[in-house]
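Here, residue 1 is the first one in the sequence, and each next residue gets the next number. Counting starts at 1 for both ligands and their atoms, in listed order.
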Amino acid sequence: MKPTRVLVLNSGSSSVKYQLIDMADKSRAAAGIVERIGEGAVADHREALRIVARELDGQGLGLESAELAAVGHRVVHGGTAFTEPTLVTDEVLETIRGLVPLAPLHNPANIAGLEVARSLRPDLPQVAVFDTAFHATMPEYAARYAIHTAVADKYGVRRYGFHGTSHAYVSRATARLLGKDPSEVNSVVLHLGNGASASAVAGGRCVETSMGLTPLEGLVMGTRSGDLDAGIVFHLTRVAGMSTDAVDSLLNRRSGLLGLCGDNDMREIGRRMAAGDAAAQLAFDVYTHRLRKYIGAYFAVLAAETGGTVDAVAFTAGVGENSAAVRQAALQGLGALGIEVDAVRNAVRDDSARLISTDGSRVAVAVVPTDEELEIAQQAYALVSSA
Ligand SMILES: Nc1ncnc2c1ncn2[C@@H]1O[C@H](COP(=O)(O)OP(=O)(O)O)[C@@H](O)[C@H]1O
Ligand SMILES: CC(=O)OP(=O)(O)O
Ligand SMILES: [Mg+2]
């Protein structure tokens, strides 16, 4: 019997999630997460990977000995080089390394995972599944920035988009929830985790997304600003005398919800709002206002791309799956767009995919738990099974 298990490593900016999934029945033999990387107890992603290896060993599922079909790796930036799941060779690894400047918080962690897994198990297929891949179908006019073409082309400055495995998985799961084939459904997917992004998906194909060259553009995030006037960067370097690195760190690590109110966790912001805290309330309002702007924009984009209407708005990831307050506020007053949230359904806590719109709402509103690990495992397994 050929092995059917896939080990998935999903390294984000501050966490490593892992799952050992049996593709025969999609059961999880092991799963875990190492969080708060860089905040003290866990120094860096390599240390986190050692912890993951220890946890797997402790369950008799160590990477050295486990019967595996493949290891599936989340790789955040694939640039223009990678738009499909890819078997990792020395050459592929070097190309991924070359993309580090475009995703400095993410690609180094993904590379660490690849190096560790390859050194422990040179016999196994290591498959890279890229966050950017799902967005490669965006029309050229959505992927382009309106800057000088020669400069853009020389330096790879274009909109790539991220969280693609999540947007792909959730848009399909949303179609299933509506009892339809993904090709029949137009949806707006809101992936609201610590990093956050929106996408417009027309019949299963991504036509717009909110992140760009790097995972900084778009929505307000836990610690990232999302959209801003590029003039702010010049102002801070010229007038405030900040270095390029200082501005980078400000916008990526000390902005967003954290910058606005001192907390990046929506649970804490909710508690502070309940106690009448004005800074927490303003952070929440900026966050949900930005969401509304994207929802409105993507309704227009989907109408133009398809000649049809939007079937569903889907919320996913830590904030999207858990914060009824964010969902309610983001969609408040959007009856003109055909969106009506049922307050009781929205307030129910449940771990399964579900509808929170009223029966009369023209647009379905869904809460769909994402499963990046299963999506990565499926793509990795499909690649090695076809080889
Ligand atoms: N019960 C909850 N209510 C509101 N927000 C929550 C809840 N649980 C988690 N979150 C939010 O989800 C975020 C983490 O989301 P997650 O998708 O796990 O992020 P990432 O994968 O980017 O690390 C937390 O920072 C927090 O803001
Ligand atoms: C691309 C990105 O922002 O990923 P994460 O949300 O895991 O930091
Ligand atoms: Mg994430």
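Checked by atom type, the side-chain pair T165/E375 shows no donor-acceptor distance below 3.5 Å. In summary, the side chains of R349 and N322 do present a donor paired with an acceptor at a separation below 3.5 Å, with no hydrogens or angles considered. Residues H167 and S197 have side chains that bring a donor and an acceptor to within less than 3.5 angstrom of each other. Under the 3.5 Å distance criterion, with hydrogens and angles disregarded, a donor-acceptor pair is assigned to the side chains of Q281 and D285. Using a 3.5 Å distance cut-off with no hydrogens or angles, the side chains of E321 and T316 do pair a donor with an acceptor. Under 3.5 Å, the side chains of Q332 and Q328 contain a donor-acceptor pair of N or O atoms.
Of the protein's heavy atoms, G318 O, 3.6 Å lies nearest to atom 10 (N) of ligand 1. Annotation: atom 3 (N) of ligand 1 to nearest protein heavy atom, R267 CG, 3.4 Å. Among all non-hydrogen protein atoms, the one lying nearest atom 26 (C) of ligand 1 is D265 OD1, 3.4 Å. The closest protein non-hydrogen atom to atom 18 (O) of ligand 1 is K17 NZ, 3.7 Å. Looking only at protein heavy atoms, the nearest one to atom 1 (N) of ligand 1 is N322 CB, 3.4 Å.
Looking at residues two or more places apart in sequence or on another chain, you find no side chain to side chain donor-acceptor pair (under 3.5 Å) involving H106. Among residues two or more places apart in sequence or in another chain, the salt bridge (charged side-chain N to carboxylate O under 4.0 Å, His left out) test is passed with R253 by none. Take D359 and apply the side chain to side chain donor-acceptor pair (under 3.5 Å) test, not counting sequence neighbours, and it matches R345.
With atom 23 (O) of ligand 1 as the reference point, the heavy atom nearest to it among L257, V326, N194 is part of N194. Taking all heavy atoms of R349, M266, E321, E372 into account, the minimum distance to atom 5 (N) of ligand 1 is reached by M266.
With ligand atoms numbered from 1 in the order given, ligand 1 contributes 11 (C), 12 (O), 27 (O) to contacts under 4.0 Å with heavy atoms of V319. Atoms of ligand 1 found under 4.0 Å from any heavy atom of G193 (numbered from 1 in listed order, with element): 15 (O), 16 (P), 17 (O), 19 (O).
Considering R172, R28, K26 as possible partners of D371, the one that fulfils the salt bridge (charged side-chain N to carboxylate O under 4.0 Å, His left out) test is R28.
Under 4.0 Å from any atom of ligand 2, one finds heavy atoms of residues G12, S13, R74, V76, H106, D131, F162, H163, G195, M211, P215, R224.
Within the 4.0 Å heavy-atom shell around ligand 1 one finds G195.
Using a cutoff of 4.0 Å between basic side-chain nitrogens and carboxylate oxygens, E217 and R159 are scored as salt-bridged.
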